Amino acid sequence: MDKYSKDIEIKWMKHWSSNNTYAFKDDGKKPIYSIDTPPPFTSGKLHMGHVLSYSLFDFAARFKRMRGCNVLYPQGWDCQGFPTEVKVEKKYGKNLNRDEFVNRCIEWTKEFIETMRSQMMRMGFSADWSREYKTMDPEYHKKVQYSLIKMHEQGLVYIGEHPVFWCANCRSAIAKAETEEVERKTVLNYIKFRVAETEEDLIIATTRPEYLHACVAVFVHPDDERYRHLIGKDAITPLGKQVKIIGDVDVEKDFGTGIVMVCTFGDKQDAVWVYRHNLPIIDAIDEAGRIKNSDKFDGLKLTDAREAMLKRIKEDGKLVKTEALHQVVKIHDRCKKPIELKMSKQWFCKVDGFQRDIIKAAKEMEWIPSYTLQYLVDWTNFVEWDWVISRQRHFGTPLPFYVCSKCNHTAPVDESELPFKPDKAKNRKCDKCGHEMKPERSVADVWVDSSITPLIISGWPDNENWKKYYPVSLRPQGIEIIRTWAFYTIYRTLVLTGKPPFKQLLLNGNVLGPDGKKMSKSLGNIVDPLELVEKYSADAVRIWVTMSGATAKDRPFNYQEMKYAQSFINKLWNASRFVENACKDYDANNEMQFITADRWIMDKLERVKHKVTEAYEKYDYFTATTELQNFFWHDFCDNYLEFVKYRIYSDEAKLKASAQHTLRTVLLQSIKMLAPVAPFTTEEVYNELFNNEESIHLSSWPEQLKENINDDYKNAGELLASIISEIRKYKNSKKMSLKEELPYLKIFVPKELERYNEQIRDEVKNIGKVKDIEFAIGEQICVE
RNA sequence: GGGCCCGUAGUCGAGGGGUUAAGACGUCUGCUUGACGUGCAGAAGAUCCCAGGUUCGAAUCCUGGCGGGCCCACCA
C-alpha cells in the first residue's frame with residue numbers, strides 16, 4: 001500500500017460501475033430490502049442537502065447488502081417543472097411551439113442528469129443505475145396517466161370550478177403546498193358603507209378595495225355590542241350594491257372597525273365564509289390577474305384598479321382614513337409573485353374525506369424519529385380542500401382525459417393510447433351529450449408524478465412481481481416535504497393499491513451554513529459538497545454526515561468535524577499499512593499463543609460489534625461510527641498496536657503469530673463495519689490485505705461471536721492497559737522518552753485485581769519497557 | 001393562536017433520576033516512540049437557560065417562564 005490518494009476513490013468508482021457491483025438481483029432466497037429514494041429535481045448540481053440525505057440511505061443500502069438482503073435501490077429523477085421551463089425560455093426565447101419547447105426542456109434536463117449522476121457516483125452512492133427512472137420518460141408518463149385513469153374510475157379525479165390559489169404571473173393554478181409567505185407593507189383603507197334600513201354609516205376596513213365590486217356580504221362578530229343590532233339588515237356598498245350583514249364568530253372584533261366586507265375572493269377567509277354562508281360568487285379577476293365583472297375597471301391590473309377605486313371612493317367622500325399595515329401575503333414559491341384566489345376550472349383529486357385513512361396508514365408505518373409522524377397527522381387534519389392537480393404549463397405529464405366543450409363531461413383516454421399526448425390526439429364525441437370532446441391540455445402537478453415512486457420502483461402495474469416489492473422497506477426523505485411527498489404518496493398509493501406504501505420512513509433535516517443559518521447566496525455561506533470531496537475525499541464527507549447526529553434535526557456544517565473525519569481516514573489507512581507490514585510472513589497455519597492483550601482486544605471488538613450492529617439497524621449512524629472510531633483509533637491503534645510491537649519484532653514465533661492473527665482479525669472486522677460509511681478506503685484495504693477477488697461491499701457482515709466475550713479477559717486487559725498508561729504518565733512526568741528503559745518499577749494494584757498480576761507480568765515489562773517490576777497492593781493503580 | 005423540536009465548557013455537540021457529565025475542534029505542557037506530527041502522552045476549561053415542584057437524590061422527570069428553530073393557521 002502506498003500513500004493515500006484520492007485516485008483510489010476514482011479507481012473504485014469506475015470499478016464498481018463497470019462490474020455492476022450494486023446491481024439488484026432477486027435470487028428469491030434472500031429477503032428484499034427496497035429503498036424508495038427521493039428523485040432529486042434536476043437542477044444540475046448536488047448540494048449539501050442531497051449529500052446528507054443520500055448518504056444516509058446509502059449507508060442503509062450497503063449495510064443491508066452485507067447483512068444478506070437483496071437491496072432494491074434505484075435512483076430516479078424529478079425532471080419536470082417550472083424552473084426548467086423558465087431557464088429554457090430564457091435561453092431559446094418564447095417563440096417555440098409546444099413540442100419543440102418540451103424537446104428543449106428534455107435535452108436540457110438530460111444534460112443536467114448526466115452531471116448529477118456522475119456527482120452521485122463520485123460520492124459513492126451505490127444505486128443500481130440500470131434501474132434509473134425519469135419522470136419525463138414516456139414510460140413514466142404512461143404509468144402516471146394510468147394511475148390517474150384508475151383514480152378517475154373511482155371518481156377521485158374530477159374537473160371542477162373552485163376557488164384555487166392562482167398565480168397570475170405563471171397563469172396557472174397552484175397547490176397550497178407551493179405557496180410561501182412574505183411580509184410586506186400595505187395600506188388599510190377605512191371605507192364608508194351605509195345601512196340600507198337606517199341610513200347609518202358603516203365603516204369597514206380593507207386592504208383590497210379593488211375587490212369592492214365583488215363584495216357579496218358584510219360581516220360582524222355576533223357578540224360585538226357595537227354592531228349586533230345590524231345583523232340581518234342590509235348594507236349598501238360605495239358602488240351602490242345592496243348586500244347582507246351577517247354575524248360570524250371568525251370576525252376579529254379588534255381589527256380595523258370590527259366590520260369586514262367579504263369579496264369573492266380577496267383572501268382565503270372570504271372563501272371559507274362564502275361556503276359557510278352560501279354566498280354568491282363573483283369571478284372578479286381573469287387569468288392574467290386583471291379585473292373583470294366590474295362596472296368601470298374591467299381589464300385593469302389589480303394594482304391599477306386599486307388606485308382607480310380609491311380615487312373614486314375619495315371623490316365620493318367615502319374614504320374615511322387610511323393607515324399603514326404590516327401584512328403577510330402568500331406568494332408562489334417558484335416565481336415569488338403574490339397569489340390570488342380565483343374561480344377556475346381545474347382538475348382535482350378528491351383528498352377531502354380520506355384524512356382518516358391516510359392517518360391510519362401513516363400510523364401503521366414506523367417513523368424515524370417517531371415524533372415526525374405528528375407532522376403528517378397535523379397536516380392531514382388541516383386539509384380542507386381537494387388537491388388541484390392541473391397546471392397550465394408545458395413541461396409536465398399531460399392529463400389523460402377528454403373534456404366535453406358543452407357539458408363538461410370528462411372521459412379518460414383509452415389505455416392503448418398511453419402515453420397520451422394531447423397535441424397528437426383527435427377530438428372525439430361526448431358519450432353524454434354528443435358534442436365535441438377535446439383532449440385536456442393541462443399537465444399534472446409535479447407531485448402527481450412523484451407520488452407514485454414506490455409503485456414505479458416495484459414495477460407496478462404490469463410487472464406481476466410488483467406485489468412482492470411493495471410496500472417498500474424504506475422511504476427516506478426530508479422533513480419539510482412530509483406535507484407534500486409523503487402525504488401525496490400515502491394518499492395515492494392507498495387509493496390505488498389499498499395498502500400503505502412503506503414500512504419505515506427515515507426523516508432527515510437540512511444542512512445549514514457554518515454560521516448556523518440557512519445556506520443562501522446572499523449570506524455567502526454556501527458549502528459546495530464537490531469542493532469538499534476535492535479537498536477531503538468522499539469518504540471523509542460521508543463520515544462527516546454521520547457525525548452530527550442521525551436525527552431529523554437541521555445541522556450546521558462544521559469544518560472541525562470535517563477535519564476529524566479526514567484524520568480518521570488517514571488513521572485507518574496508516575493502521576492498515578502497519579498491519580500489512582507486520583503480517584508479511586503471516587501464515588494462518590502457524591501455531592499461536594494468545595495472551596492477555598489479544599484476548600482483551602477480541603473481547604472489546606465483540607462488544608463494539610454488538611453496539612455497532614444494533615446502531616446500524618436503528619439508522620443511528622452517529623452511534624455506529626462513534627463507537628467504531630473510538631474502538632479503532634484508541635483501543636486498537638493507540639493501545640493494541642503498541643502492545644504487540646515487541647512481539648512483531650521478536651523471534652518468538654507463537655507470540656508473533658497470535659499477534660498477527662489478532663491484528664488481521666480486528667482490522668478485517670473493523671473495515672467491514674466501516675464499509676457502509678467509508679466505502680472507498682475500506683474497499684482498497686480489503687482488496688490489498690484480504691481479498692482481491694470480491695468487493696468488501698458484497699462480503700458478509702462480521703458474525704457475533706459470544707464466546708469471545710469474557711469478563712476475565714476484559715478485567716485483565718484493562719488492568720494491563722491502566723498500568724501501561726500509568727507507566728507512560730510516569731515517564732512523561734520525568735520527561736523521559738517512552739521507549740527509554742526503566743530499570744525497576746513498583747506497581748500498586750487494588751486487591752480485587754491482584755489475581756491477574758502474574759498473567760500480565762511479562763507484557764507489562766515488554767510493553768512498558770521496564771527491566772524489573774514488583775507488584776504491591778494499593779488503593780488504586782499507580783506506579784513508583 | 002396551534003403543533004413539534006431545542007437550550008450542556010471558547011466553539012460544535014453526545015448522554016441522561018444517584019459516585020470524577022462523552023467526544024471533536026481550539027488552548028496549554030511534554031514526547032523526533034521504527035503505521036501515521038493528519039501523530040503520541042498529559043493538562044486546563046461546564047452554577048448542564050431561569051424559577052418552582054416531584055424525589056432520600058434532578059443537569060436528567062413535571063409545571064411555568066425566558067430564548068432559539070421548524071411547520072401550520074390567521075391577519076379583512
Side-chain angles (χ1 to χ4, degrees), chain A residues 1 3-4 176 181 183 186 188-189 204-209 211 215 218-219 250-252 254-263 265-270 272-273 325-329 369 371-379 381-384 479-480 482-483 509-510 512 514 516-518 536 540 547-549 551-582 622-623 626-627 629-630 633-634 637-639 641-642 645 648-649 724-725 727-740 769:
Chain A
M1 282 169 69
K3 218 157 165 72
Y4 185 77
K176 187 166 129 188
E181 293 183 337
E183 220 177 302
T186 186
L188 187 61
N189 303 281
I204 65 106
T206 181
T207 57
R208 306 298 302 268
Y211 273 117
C215 174
V218 166
F219 275 54
D250 280 353
V251 176
E252 290 279 341
D254 300 333
F255 189 89
T257 58
I259 313 178
V260 52
M261 71 165 183
V262 175
C263 305
F265 297 95
D267 63 33
K268 204 188 147 191
Q269 185 62 52
D270 286 347
V272 170
W273 278 331
L325 183 71
H326 267 281
Q327 186 187 35
V328 176
V329 290
Y371 65 78
T372 54
L373 168 64
Q374 197 57 37
Y375 287 66
L376 192 274
V377 173
D378 285 352
W379 172 258
N381 281 329
F382 271 120
V383 170
E384 44 186 338
I479 204 161
E480 75 284 1
I482 287 176
R483 64 190 177 121
N510 279 309
L512 306 176
K517 293 182 180 146
K518 215 170 199 166
Y536 300 97
M547 289 181 52
S548 26
T551 62
K553 272 199 307 190
D554 288 349
R555 57 185 77 187
F557 180 76
N558 187 329
Y559 281 99
Q560 296 166 354
E561 289 170 346
M562 192 68 238
K563 257 169 87 178
Y564 179 78
Q566 173 77 343
S567 313
F568 182 68
I569 296 284
N570 180 261
K571 193 76 189 173
L572 175 63
W573 186 258
N574 283 303
S576 303
R577 281 173 66 183
F578 173 81
V579 173
E580 185 184 36
N581 286 326
F622 177 86
T623 302
T626 306
E627 286 290 336
Q629 282 169 348
N630 286 338
W633 197 323
H634 303 297
C637 294
D638 294 346
N639 286 318
L641 256 50
E642 298 303 325
K645 275 180 180 168
I648 294 297
Y649 303 129
I724 298 302
S725 170
I727 295 174
R728 284 168 172 174
K729 266 188 225 175
Y730 177 82
K731 288 189 178 176
N732 194 355
S733 71
K734 298 271 184 278
K735 301 203 173 180
M736 284 173 71
S737 158
L738 295 179
K739 70 174 182 184
E740 206 173 319
K769 303 229 163 29

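The model shown is predicted, which means the values in this text are computed figures rather than measured ones. Below, chains carry the letters A, B, ... as their sequence lines are ordered, and counting in each starts from 1.
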Look at all strands and tell whether Thr206(A) reaches a base, only sugar-phosphate, or nothing, counting heavy atoms closer than 4.0 Å.
sugar-phosphate

Calculate the interatomic distance between Asn558(A) atom CG and A14(B) atom P; express it in whole Å.
11 Å

Between the protein and nucleotides 1-6 of chain B, list every N/O to N/O distance that falls short of 3.5 Å.
| from | atom 1 | to | atom 2 | distance (Å) |
| --- | --- | --- | --- | --- |
| G3(B) | O2' | Asp378(A) | OD2 | 2.7 |

Under 4.0 angstrom, heavy atoms only, what part of the nucleic acid is Glu740(A) near: base, sugar-phosphate, or nothing?
nothing

Can you tell me how far C1' of C12(B) sits from CD of Gln560(A), to the nearest Å?
6 Å

Asp378(A) CG to Leu373(A) CG distance, which is reported to the nearest 0.5 Å:
9.0 Å

Complementary nucleotide of A9(B), counting Watson-Crick and G-U pairs under 3.5 Å
none

What does Val251(A) touch in the nucleic acid at a heavy-atom separation under 4.0 angstrom: a base, only the sugar-phosphate, or nothing?
base

Euclidean distance for C1', G45(B) against C6(B) (whole angstrom)
24 Å

Could you work out the separation of A58(B) and U20(B) based on their P atoms and round it to a whole Å?
15 Å

Report yes if the side chains of Leu188(A) and Phe255(A) come closer than 4.5 Å at any heavy-atom pair, otherwise no.
yes

P-based separation of C66(B) from C28(B) [nearest Å]:
42 Å

Decide yes or no for Val251(A) and Trp273(A): does some side-chain heavy atom of the first lie under 4.5 Å from some side-chain heavy atom of the second?
yes

For Leu512(A) and G13(B), what is the distance between atoms CG and C1' respectively, to the nearest whole Å?
14 Å

Taking atom P of G68(B) as reference, at what distance in whole Å does atom CZ of Arg555(A) sit?
24 Å

Can you tell me the pairing partner of C4(B) across any strand shown, Watson-Crick or G-U wobble, with both distances under 3.5 angstrom?
G69(B)

For Phe557(A) and Tyr559(A), take the angle between the two ring planes, folded into 0 to 90°, and tell me which bin it lands in: parallel under 30, tilted 30 to 60, perpendicular over 60.
perpendicular

Rounding to an integer number of angstrom, what distance separates A46(B) and G13(B) when you compare their C1' atoms?
13 Å

With rounding to the closest Å, how many angstrom separate the C1' atoms on A43(B) and G26(B)?
14 Å

Scanning all shown strands, the Watson-Crick or wobble mate of C36(B) with both distances under 3.5 Å is none

Could you tell me the separation between the CE atom of Met562(A) and the C1' atom of G13(B), rounded to a whole number of Å?
17 Å

Going 5' to 3' through nucleotides 34-43 of chain B, assign each nucleotide B (protein heavy atom under 4.0 Å from a base atom), S (under 4.0 Å only from sugar-phosphate atoms) or - (no protein heavy atom that close).
BBB-BSSBS-

Whom does A46(B) pair with, Watson-Crick or G-U wobble, provided both distances fall under 3.5 Å?
none

Measuring only the P atom in each nucleotide, how far is G52(B) from A59(B)? A whole number of Å is fine.
12 Å

Under 4.0 Å, counting only non-hydrogen atoms across every strand here, what does Ile259(A) touch: a base, just sugar-phosphate, or nothing?
base

Shortest non-hydrogen contact from Leu641(A) to Ala575(A)?
CD2-CB, 4.4 Å

Grab the two heavy atoms, one from Gln269(A) and one from Asp267(A), that are nearest each other, plus how far apart they are.
N-OD1, 2.9 Å

Starting from C1' on G26(B), measure out to CD on Glu561(A) and report it in whole angstrom.
14 Å

For U19(B), the nucleotide meeting Watson-Crick or G-U wobble distances (both under 3.5 Å) is none

One pair to check against side-chain contact (heavy atoms from CB on, under 4.5 Å): Trp633(A) and Ser567(A). What are the steps and the verdict?
CA-CA 10 Å; Trp633(A) 197 323; Ser567(A) 313; 3.8 Å; yes

So which atom in Met261(A) and which in Cys215(A) form the shortest heavy-atom distance, rounded to 0.1 Å?
CB-SG, 3.9 Å

Taking CD from Gln629(A) and P from G13(B), how many angstroms apart are they, rounded to a whole number?
17 Å

Determine the Euclidean distance between corresponding C1' atoms of G69(B) and G30(B); express it in Å to zero decimal places.
44 Å

Heavy-atom nearest nucleotide on RNA chain B for Leu188(A) versus Thr626(A): which residue maps closer to 5'?
Thr626(A)

Would you kindly give the CG-to-P distance between Asn381(A) and A73(B), to the nearest whole Å?
13 Å

Tell me, do Glu642(A) and Arg728(A) make a side-chain contact under 4.5 Å, heavy atoms counted?
yes

Set out, in order, the CA-CA distance, both residues' side-chain angles and the distance that settles side-chain contact (heavy atoms from CB on, under 4.5 Å) for Trp379(A) and Ile482(A), then state yes or no.
CA-CA 9 Å; Trp379(A) 172 258; Ile482(A) 287 176; 5.9 Å; no

Taking pairing as Watson-Crick or G-U wobble with both contacts under 3.5 Å, can you name the mate of A59(B), or confirm there isn't one?
none

Taking atom CE of Met547(A) and atom CG of Asn558(A), what is their separation to the nearest 0.5 Å?
8.0 Å

Roughly how far apart, to the nearest Å, are G1(B) and G17(B) at atom P?
33 Å

Heavy-atom closest contact (Asp270(A) atom, Cys263(A) atom, distance):
OD2-O, 2.9 Å

Using the side-chain heavy atoms of Pro556(A), tell me which of these nucleotides is nearest: C72(B), C12(B), A76(B).
C12(B)

